[in-house]
Q: 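Quick one: structure below, then a few questions.
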Amino acid sequence: MPHVRTIDRLYNFIGFVILRAPDQFPVEDYLEDHEKMNLEKAFEELRHGILLLDPEVGTPEKVPVMHSILDEAYKAYRAGDRKKGAYLVQDFQDMIFKRED
């Protein structure tokens, strides 16, 4: 079951990923191995968050771009480029939460 179930949680989770990715997720001993957060699970959660978006934000034009940004961020983290990964996750965040005036 996804942890991200609301837009507020998505916002908070994005910050969590930026601070913890790629390999500084908390070790919670009470969880089974398959339940513990890691880079792969974090990006599954971020992708799930796209499903929660209001149609005005998650437009058919923007959703593929969001997925592409997350794919690139994941690749950057996997390649050891934490800075690039974090910037891309922030770009993803801006697409959702930054208001265009």
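This is a predicted model, so every value here is computed, not measured.
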Q: Give a yes or no on whether the backbone of H34 and the side-chain of K41 come within a donor-acceptor separation of less than 3.5 Å.
A: yes

Q: Kindly indicate, with the supporting measurements, whether the criterion side chain to side chain contact (heavy atoms under 4.5 Å, CB included) is fulfilled by D81 and K83.
A: CA-CA 6 Å; D81 193 342; K83 185 176 181 178; 3.9 Å; yes

Q: Please report the C-alpha distance between I96 and F92 in whole Å, then the side-chain angles of each, then the deciding distance to 0.1 Å, and finally whether the side chain to side chain contact (heavy atoms under 4.5 Å, CB included) criterion is met.
A: CA-CA 7 Å; I96 298 169; F92 170 73; 3.5 Å; yes

Q: Hey, what do you get for CG (L52) to CZ (R9), rounding to the nearest 0.5 Å?
A: 10.5 Å

Q: Is there a side-chain contact between L46 and L10 in this structure, where contact means two heavy atoms from C-beta onward sitting under 4.5 Å apart?
A: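 A side-chain contact exists here, since the closest heavy-atom pair is under 4.5 Å.
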
Q: Just wondering, are more than 12 heavy atoms of other shown residues or ligands nearer than 6.0 Å to NZ in K84?
A: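 Count not over threshold, so no.
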
Q: Walk me through whether I69 and M66 qualify under side chain to side chain contact (heavy atoms under 4.5 Å, CB included).
A: CA-CA 5 Å; I69 289 171; M66 290 178 189; 5.8 Å; no

Q: Is it true that R47 and E44 make a salt bridge, defined as a side-chain N closer than 4.0 Å to a carboxylate O?
A: no

Q: Working to the nearest 0.5 angstrom, can you tell me the gap between Q90 CD and M95 CE?
A: 15.0 Å

Q: Counting neighbours of OH on Y87 that are heavy atoms of other residues, nucleotides or ligands and sit closer than 6.0 Å, is the number greater than 12?
A: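 No, the 6.0 Å shell around OH holds no more than 12 heavy atoms from other groups.
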
Q: Looking at CD of Q93 and CZ of F13, how far apart are the two atoms once the value is rounded to the nearest 0.5 Å?
A: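 Rounded to the nearest 0.5 Å, the CD-CZ separation comes out at 12.5 Å.
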
Q: Examine V4 and L31 and state if one hydrophobic cluster contains both, with Ile, Leu, Val, Met, Phe, Trp and Tyr joined whenever side-chain heavy atoms are less than 4.5 Å apart.
A: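 Different hydrophobic clusters.
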
Q: Are Y11 and L51 connected in a single hydrophobic cluster, I mean Ile/Leu/Val/Met/Phe/Trp/Tyr linked by side-chain heavy atoms less than 4.5 Å apart?
A: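 No.
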
Q: Can you tell me if E56 has over 12 outside heavy atoms packed within less than 6.0 Å of its CD?
A: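 Counting other residues, nucleotides and ligands, CD of E56 stays at 12 neighbours or fewer.
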
Q: Distance check, rounded to the nearest 0.5 Å: K75 atom NZ versus R78 atom CZ?
A: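 The distance works out to 12.5 Å.
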
Q: With heavy-atom distances below 4.5 Å as the criterion, would you say the side chains of F97 and I7 are in contact?
A: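 Yes, their side chains come closer than 4.5 Å.
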
Q: Taking all non-hydrogen atoms of both residues into account, name the closest pair between V17 and A42 and its distance.
A: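 Looking at all heavy atoms of both residues, the shortest contact is CG2-CB, 3.9 Å.
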
Q: What pair of heavy atoms forms the shortest contact from A21 to R82, and how long is it?
A: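 Between these two residues, the closest heavy atoms are O-NE, 3.3 Å.
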
Q: Calculate, to the nearest 0.5 Å, the distance between atoms CG and CG belonging to N38 and D23 respectively.
A: 11.0 Å

Q: Just verifying a value: how many Å separate L53 CG and T59 OG1, rounded to the nearest 0.5 Å?
A: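 It is 9.5 Å, given to the nearest 0.5 Å.
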
Q: Would you name the heavy atoms of G85 and A73 that are closest together and state the gap between them?
A: O-CB, 3.7 Å

Q: Would a line drawn from the ring center of Y74 to the ring center of Y77 be shorter than 6.0 Å?
A: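 Y74 vs Y77: aromatic centres not under 6.0 Å.
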
